[in-house]
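Below is one structure; the comments refer to it alone.
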Number of protein chains: 2
Amino acid sequence: MALFAGTYENRIDRKGRVSLPADFRSELPADGNRVIYIYRSPKAQALEACDRVFMQRLADSLEQYDLFSDEEDDLGSTIVADARKVSIDGEGRIVVPPEFVSFADIGERVTFVGRGSRFQLWKPEDFEKHAAAARNSAKGRTIRLVPPESKE
Amino acid sequence: MALFAGTYENRIDRKGRVSLPADFRSELPADGNRVIYIYRSPKAQALEACDRVFMQRLADSLEQYDLFSDEEDDLGSTIVADARKVSIDGEGRIVVPPEFVSFADIGERVTFVGRGSRFQLWKPEDFEKHAAAARNSAKGRTIRLVPPESKE
DNA sequence: TGACTTACCATAAAAACCCATGCTATCCCA
DNA sequence: TGGGATAGCATGGGTTTTTATGGTAAGTCA
């Protein structure tokens, strides 16, 4: 499964293209399916992206909520409906939809932030602030590790 | 699974390369996946490193928290986002990102500290102090052993 | 035809790769 | 037991390959 980790800053050119960091690119299936899904974060002024597998999982996860319930409707409309399928060109670049760019207040530069099975796109200054705050409130937090996976 | 133990001190060359201690290297999968993840410790002024399996486990562990929750965000932004994928060259060396080097106040020499499924990188003098303090406060502590694993 | 994409090519900088060398701990054999 | 031979390891430097990023040509849809 894809594992996105690390942060990388890249430049958006005048045509709206950005290179996907090579380390993210190498996590995606090499054959054919060179496509990702981008959606606006419901939590922060940033964008999120993932591969097809995760989007499928997200959609499946919404089925925990009753069909036609408010939760299902809210989250489904906000994430799944919002998501755009974006293709990756021969040089490993994507074009971020203009309205998404302005939603995240992104200018010439984007910070790609690996978050495990998905990653985020931030305006660099915004992410710096966010990361500092997060690091601060992570201080003292501990992590209960899940048992090692036996799969794969 | 990888088992890193012991401490080793190595030299960083002018290109930023350090040899991974041979005993650590031999714990990594020989085929292909010759890569490790390095991140800044949320607890100490030191770096931590692990193999892909552990980073995946860490990312999986964060899924105990709901997607878009504060806990998931804080810890994800601090660890997974902070991590850098670092490749191991033919001679068993890695390049430690410069900003990480300065975070840990590392100069020409690094101390590698085995911590089981991960290991740490310290400025030698700092680790000495830390180790002394830890040894002192470990006095009297006990360990509840888990039952021997039956797998593999 | 014109606006807007999508595919293809070029290049500088950075990262990965390859080869070389001295040191050290281990082995081997008298 | 001693000392040379040997293999593994840390370290150094040069060269090739990737990557990010810019531009141009070819398609596409209204």
Side-chain angles (χ1 to χ4, degrees), chain A residues 4-28 30-36 38 49 84-102 106-114 119 121-124 127, chain B residues 4-38 49 51-52 83-102 106-114 119 121-124:
Chain A
F4 303 106
T7 80
Y8 308 81
E9 186 177 318
N10 281 340
R11 187 180 180 72
I12 301 189
D13 70 16
R14 84 180 66 166
K15 292 160 85 175
R17 300 176 299 185
V18 217
S19 287
L20 216 54
D23 286 342
F24 286 8
R25 223 182 295 155
S26 64
E27 293 290 330
L28 300 170
D31 57 325
N33 247 10
R34 295 194 72 71
V35 73
I36 59 170
I38 304 188
R84 305 286 173 82
K85 205 171 175 179
V86 170
S87 62
I88 300 169
D89 74 13
E91 283 68 45
R93 288 178 289 198
I94 56 173
V95 176
V96 184
E99 65 273 30
F100 280 17
V101 170
S102 54
I106 291 172
E108 265 203 338
R109 321 203 117 262
V110 199
T111 297
F112 288 83
V113 181
F119 59 92
L121 285 77
W122 287 79
K123 175 189 186 133
F127 178 68
Chain B
F4 304 107
T7 80
Y8 307 82
E9 185 178 320
N10 280 339
R11 183 181 181 68
I12 301 190
D13 70 17
R14 86 178 65 164
K15 289 163 90 175
R17 298 176 300 188
V18 217
S19 287
L20 219 53
D23 288 343
F24 286 8
R25 220 183 295 157
S26 64
E27 292 291 326
L28 299 169
D31 57 326
N33 248 7
R34 294 194 72 72
V35 75
I36 60 169
Y37 292 83
I38 304 188
D51 63 7
R52 187 189 168 99
R84 301 270 309 248
K85 200 174 179 180
V86 170
S87 63
I88 300 171
D89 73 13
E91 284 67 46
R93 288 175 293 194
I94 57 172
V95 177
V96 185
E99 65 272 27
F100 281 15
V101 169
S102 54
I106 291 172
E108 267 204 335
R109 319 204 117 263
V110 199
T111 298
F112 289 83
V113 182
F119 58 91
L121 285 78
W122 288 79
K123 174 187 187 138

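Reminder, nothing fancy here: chain letters follow the sequence lines and each chain counts from 1. Quick note: numbers below take in every heavy atom, side chains included, and nothing from hydrogens, waters or symmetry partners.
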As a check of understanding: the bend across the helix from C:dT1-D:dA30 to C:dA30-D:dT1, end axes from five pairs, rounded to 10 degrees, works out to 50°

note: A:Glu108, atom CD; D:dA20, atom P; distance rounded to Å ~ 18 Å

The complete set of salt bridge (charged side-chain N to carboxylate O under 4.0 Å, His left out) pairs with one or both residues in residues 14-24 of chain A, sequence neighbours excluded, reads A:Asp13-A:Arg17

Within the 4.0 Å heavy-atom criterion, would you say B:Ser87 contacts the bases, only the backbone, or no part of the nucleic acid? sugar-phosphate

Practice item. Would you please test A:Phe24 and A:Phe4 for ring pair (Phe, Tyr, Trp, His ring centres under 6.0 Å) and show each step? Key: CA-CA 6 Å; A:Phe24 286 8; A:Phe4 303 106; 5.3 Å; yes

Extract all donor-acceptor atom pairs below 3.5 Å that involve side chains of residues 88-97 of chain A and protein atoms in other chains or at least two apart in sequence.
from, atom 1, to, atom 2, distance (Å)
A:Asp89, OD1, A:Glu91, N, 2.8
A:Asp89, OD1, A:Gly92, N, 3.0
A:Asp89, OD1, A:Arg93, N, 2.9

From CD of B:Glu9 across to P of C:dC23 the rounded distance in Å is 19 Å

B:Tyr37 meets the ring-ring contact (aromatic ring centres under 6.0 Å, His included) criterion, sequence neighbours left out, with none

Check the pair A:Leu121, A:Phe100 against side-chain contact (heavy atoms from CB on, under 4.5 Å), reporting the backbone distance first and the verdict last.
-> CA-CA 10 Å; A:Leu121 285 77; A:Phe100 280 17; over 6 Å; no

Of A:Val95 and B:Arg84, the one whose closest nucleotide on DNA chain C sits nearer the 5' end is A:Val95

Query - B:Arg25 side-chain N/O to D:dA10 phosphate OP1/OP2 under 4.0 Å - result: yes

Taken to the nearest whole Å, CG/A:Asp89 to C1'/D:dT19 is 13 Å

A:Asn10 atom CG is separated from C:dA13 atom P, nearest whole Å, by 17 Å

Taking every heavy atom of B:Arg34 against every heavy atom of B:Pro29, the minimum-distance pair comes out as NH1-O, 3.2 Å

Closest non-hydrogen contact found for A:Leu20 with A:Ile36 is CD1-CD1, 4.4 Å

Nucleotide by nucleotide, nucleotides 22-30 of chain D touches protein heavy atoms under 4.0 Å in the pattern (B base, S sugar-phosphate only, - none) BBB------

- Check the pair A:Val110, A:Trp122 against side-chain contact (heavy atoms from CB on, under 4.5 Å), reporting the backbone distance first and the verdict last. CA-CA 6 Å; A:Val110 199; A:Trp122 287 79; over 6 Å; no

From NZ of B:Lys85 across to P of D:dT18 the rounded distance in Å is 16 Å

For A:Glu9, the side-chain contact (heavy atoms from CB on, under 4.5 Å) test, sequence neighbours excluded, returns A:Arg109, A:Thr111, A:Pro124

Could you check whether B:Ile94 gets within reach of a base, just the sugar-phosphate, or nothing at all, counting any heavy atom under 4.0 Å?
-> nothing

Of A:Arg109 and B:Leu20, the one whose nearest nucleotide on DNA chain D sits closer to the 5' end is B:Leu20

